[in-house]
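Shown next, in C-alpha cells, is the structure this report addresses.
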Amino acid sequence: MSNSLLISSFATWKPEQSSNSSDDLLAAILEEQGFPAPVHLLRQLPVDFDLAPKLVIAAIAELQPRAVICTGMAETRTVLSVEDRAIHRQQVRQTAVNVEQLVAGLTHTRISQDAGNFVCNFLYYSVLAHLDRQGQENQDRKTPGLFIHVPRLHSANQSGMVADFLTLCDRLLQ
C-alpha cells in the first residue's frame, strides 16, 4: 500500500464539449500549485461503461493507493458534489467515508445522494464494489473511495473549487 491518492477524470462525451470540468479541475490544480500529497492522475478516461471501470480498477491494483477519488462533470450543478452512494440495478453501494465530516466547513462543496444514471454512477459503483472486495480480502485496511461531480469552472468559481478539492484530498488522506 502506498501513501498516495489515485484521482481520475473523464474526457468529453459530446461533440460540442471543448473540455470536461472534472479534467479542467485537475489541470487548474496542476497549473496553479500542484497537489501537496503524492498523487497518481488517471486523466481523461473514456466515457465508456466497460472501459472506465476496468482502467480505474487496474490502476488501483497496480498502485495500491491509500485512497481513490473519481471525478466527473455535472454541467447543471454549481458546487462540488461529493457522492454518498452509487446505485446499480437497485443495489446500493455507499462510500465508507464519513462524507459529512469530510465536507464540514467547505463553501463550494455539498453532499449528493444522486450520482446520476450514466457512466459516473456506474464507475463509482464498480470502484466501490472492488474496494469492498479488496477490504474483505485485506481485513486490516479498507481503501476509501469517493466520487466528486465537478460543475463547469469559470473565473468566479475556480479558486473556490480548487481550494475545496485540495482540502477534500488532504482530509481523505488523514
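Just so you know, these numbers come straight off a predicted model, no measurement behind them.
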To the nearest 0.5 Å, tell me how far [X] [atom1] sits from [Y] [atom2].
X	Y	atom1	atom2	value
Leu25	Leu80	CG	CG	6.5 Å
Ile69	Leu146	CD1	CG	6.0 Å
Tyr124	Arg85	OH	CZ	10.0 Å
Ile29	Leu166	CD1	CG	4.5 Å
Asp132	Gln94	CG	CD	10.5 Å
Thr143	Leu128	OG1	CG	11.5 Å

Indicate yes or no: at least one non-hydrogen side-chain atom of [X] is less than 4.5 angstrom from one of [Y].
X	Y	value
Ile7	Val68	no
Leu30	Arg43	yes
Glu32	Gln158	yes
Thr78	Pro151	no
Ile60	Gln134	yes

Between [X] and [Y], what is the shortest heavy-atom contact and its length?
X	Y	result
Ala11	Val47	O-CG2, 3.4 Å
Ile57	Ser126	CD1-O, 3.9 Å
Cys120	Gly72	SG-CA, 4.0 Å
Val162	Ala28	CG2-CB, 4.2 Å
Val56	Leu6	O-CD2, 4.1 Å
Ser21	Arg152	CB-CA, 4.0 Å

Are [Y] and [X] connected into the same hydrophobic cluster when the rule is that any two of I, L, V, M, F, W, Y join if their side-chain heavy atoms are below 4.5 Å apart?
X	Y	answer
Ile148	Leu55	yes
Phe165	Leu41	yes
Met73	Phe118	yes
Leu106	Val79	no
Tyr125	Val99	no

TODO: Using modelled atom types only, decide if a donor and an acceptor are shared between the side chain of Asn121 and the backbone of Ala115 within a distance under 3.5 Å.
DONE: no
Open item on the list: Check whether Gln64 reaches the backbone of Ala61 with its side chain - one donor and one acceptor, N or O, closer than 3.5 Å.
Closed with: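 Between the backbone of Ala61 and the side chain of Gln64 there is a qualifying donor-acceptor contact (under 3.5 Å).
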Open item on the list: Please check if the number of heavy atoms outside Gln90 that lie under 6.0 Å from its CD is greater than 12.
Closed with: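 Atom CD in Gln90 is not packed in, count stays at 12 or less.
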Open item on the list: Around atom CD of Glu100, are there more than 12 heavy atoms from other residues, nucleotides or ligands closer than 6.0 Å?
Closed with: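 No - once you tally the heavy atoms of other residues, nucleotides and ligands closer than 6.0 Å, there are 12 at most.
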Open item on the list: Ring-plane angle category for Phe10 and Phe147, please: parallel below 30°, perpendicular beyond 60°, tilted otherwise.
Closed with: tilted
For a quick check under 3.5 Å, do [X] and [Y] share a side-chain donor-acceptor pair by atom type?
X	Y	result
Gln44	Ser9	no
Asp114	Ser112	no
Thr12	Asn20	no

- [ ] Carefully, step by step, assess Leu123 and Leu45 under the rule side-chain contact (heavy atoms from CB on, under 4.5 Å).
- [x] CA-CA 11 Å; Leu123 171 63; Leu45 290 172; 4.1 Å; yes
- [ ] Please step through side-chain contact (heavy atoms from CB on, under 4.5 Å) for the pair His149 and Thr71, ending with a clear verdict.
- [x] CA-CA 6 Å; His149 271 112; Thr71 65; over 6 Å; no
- [ ] Would you please test Arg77 and Glu83 for salt bridge (Lys or Arg N to Asp or Glu O under 4.0 Å) and show each step?
- [x] CA-CA 13 Å; Arg77 298 187 190 183; Glu83 300 299 342; 2.7 Å; yes
Open item on the list: Between Val150 and Met161, is the side-chain contact (heavy atoms from CB on, under 4.5 Å) condition met? List the steps.
Closed with: CA-CA 8 Å; Val150 181; Met161 300 287 172; 5.7 Å; no
TODO: Would you sort out whether Cys70 and Val127 count as a side-chain contact (heavy atoms from CB on, under 4.5 Å), showing the intermediate values?
DONE: CA-CA 9 Å; Cys70 298; Val127 167; 4.1 Å; yes
